[in-house]
Amino acid sequence: DIEMRAEEILEANKLPFMIGGEHLVSLGAIRAVAKRYPDLHILHFDAHTDLRDEYLGTHLTHAGVIRRAWDIVGDGRIWQLGIRSGLREEFQWAKEHTHLHKFDLKAMPQAMAALRGKPVYFTIDLDVMDPSVFPGTGTPEYGGVSFKELMEAAIAGCGLNIVGCDIVELSPGLDQSGASTAAALKILREMLLKLEEPFIKGPQLV
Ligand SMILES: [Mn+2]
């Protein structure tokens, strides 16, 4: 269903921007976008590797969504930043197949240089932020980035040739203060503004 809907959005020459929810929603959109852009690359912010081939008896899971994306785009086309949790085997597998940078988003300039001019699907698992600023998520992982660090890197990433994107893993019920939802919406808003930038040609105010 997600793949078909993403295809409709692409057919209309629009940008699929997914919001979630379970990270697996990215896969349908990535499948649709990859059909249109065979040279697709992926920029992935997350606390977790998400490279498990199998988890709880299934190949389709939030713990393996990037592994399933790799099935589609192949070696050397996935940049993973902020990663601080995963199985030893996942980190070893990543050495051969993805560009994985641990703990923070400081590798952004390097990723930007490599991805410039390429069609990019940008997926942000909001749990890349520290749970002290973003507790409303299913698998919180301490030692994450600040809100400001994520916002700056997200805006920078939206300066690339983004052909599909998402922000995922907000679970509003897990943070009844509403602060996590506010953080997610602020990231969404700033990304939309940056993505719209090339299309906004308002009058110049003197
Ligand atoms: Mn995650």
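The shown structure was predicted, so the numbers you read here are calculated from the model rather than taken from an experiment.
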Identify whether the distance between the nearest side-chain nitrogen and carboxylate oxygen of R68 and D53 falls below 4.0 Å.
-> yes
Partners meeting salt bridge (Lys or Arg N to Asp or Glu O under 4.0 Å) with D130 (sequence neighbours left out) = none
Should the pair K194-E190 be classified as a salt bridge under the 4.0 Å nitrogen-to-oxygen rule?
-> no
Near L192 CG, under 6.0 Å, is it more than 12 heavy atoms from other residues, nucleotides or ligands?
-> yes
Considering non-hydrogen atoms only, spot the tightest contact between M108 and L81 and give its length.
-> N-CD2, 3.7 Å
side-chain hydrogen bond (donor to acceptor under 3.5 Å, both in side chains) against T181, all qualifying residues, sequence neighbours excluded = none
Just how far is it from atom CG of L51 to atom CG of L100, taken to the nearest 0.5 Å?
-> 7.0 Å
Which distance, rounded to the nearest 0.5 Å, do you find between the CD1 of I2 and the CG of L27?
-> 8.5 Å
With the side chain counted from C-beta on, respond yes when I155 and M191 share a heavy-atom pair under 4.5 Å apart, and no when they do not.
-> no
Hey, mind stepping through L115 and L43 against side chain to side chain contact (heavy atoms under 4.5 Å, CB included) and telling me if it holds?
-> CA-CA 8 Å; L115 294 171; L43 179 57; 4.1 Å; yes
Shortest non-hydrogen pair, A47 vs D127, comes out as N-OD1, 3.1 Å
Spell out, yes or no, whether L24 and V128 are grouped together once hydrophobic residues are joined by side-chain heavy atoms under 4.5 Å, including indirect joins.
-> no
Closest non-hydrogen atoms of F134 and A184, given as atom of the first, atom of the second and distance, are CE1-CB, 4.4 Å
K118 to Y37 six-membered ring, cation-pi geometry met (6.0 Å, 45°) = no
Would a 4.5 Å heavy-atom cut-off, applied to side chains only, mark L56 and T61 as touching?
-> no
Pairwise side-chain contact, L150 with I187, heavy-atom cut-off 4.5 Å (strictly under) = yes
Can you name the residues that form a side-chain hydrogen bond (donor to acceptor under 3.5 Å, both in side chains) with T98, not counting sequence neighbours?
-> Q80
Are L60 and V65 close enough that some pair of their side-chain heavy atoms sits under 4.5 Å apart?
-> no
Can you get from L188 to L105 by hopping between Ile, Leu, Val, Met, Phe, Trp and Tyr side chains that sit under 4.5 Å apart?
-> yes
Parallel under 30°, tilted from 30 to 60°, perpendicular over 60°: which one fits the rings of W79 and H101?
-> parallel
Kindly write out the residues that satisfy ring pair (Phe, Tyr, Trp, His ring centres under 6.0 Å) with H48, not counting sequence neighbours, or none if the list is empty.
-> none
Write down the atom of D75, the atom of W70, and the distance for their closest heavy-atom approach.
-> OD1-NE1, 2.8 Å
Identify all side-chain donor-acceptor contacts of residues 4-13 below 3.5 Å with residues at least two apart in sequence or on another chain.
unit_1	atom_1	unit_2	atom_2	d
R5	NH1	E8	OE1	2.8
E7	OE2	K35	NZ	2.3

Hey, can you pull the donor-acceptor pairs under 3.5 Å for the side chains in residues 157-173, sequence neighbours left out?
unit_1	atom_1	unit_2	atom_2	d
D166	OD1	T123	OG1	2.6
D166	OD2	S26	OG	2.7
D166	OD2	Y121	OH	2.6
D166	OD2	T123	OG1	3.3
E169	OE2	H23	N	2.8

Evaluate the side-chain proximity of Y142 to R84: yes if any heavy-atom separation is below 4.5 Å, no if none is.
-> no
Are I72 and L40 close enough that some pair of their side-chain heavy atoms sits under 4.5 Å apart?
-> no
Honestly curious: do F45 and I78 fall in one hydrophobic cluster under the side-chain, below-4.5 Å linking rule?
-> no
Cluster link M151 to L195, ILVMFWY, side chain under 4.5 Å | yes
Report yes if the side chains of I83 and H44 come closer than 4.5 Å at any heavy-atom pair, otherwise no.
-> yes
V133 side chain reached by S146 side chain, heavy atoms, under 4.5 Å = no
CH2-OG1 distance between W93 and T49, expressed to the nearest 0.5 angstrom = 10.0 Å
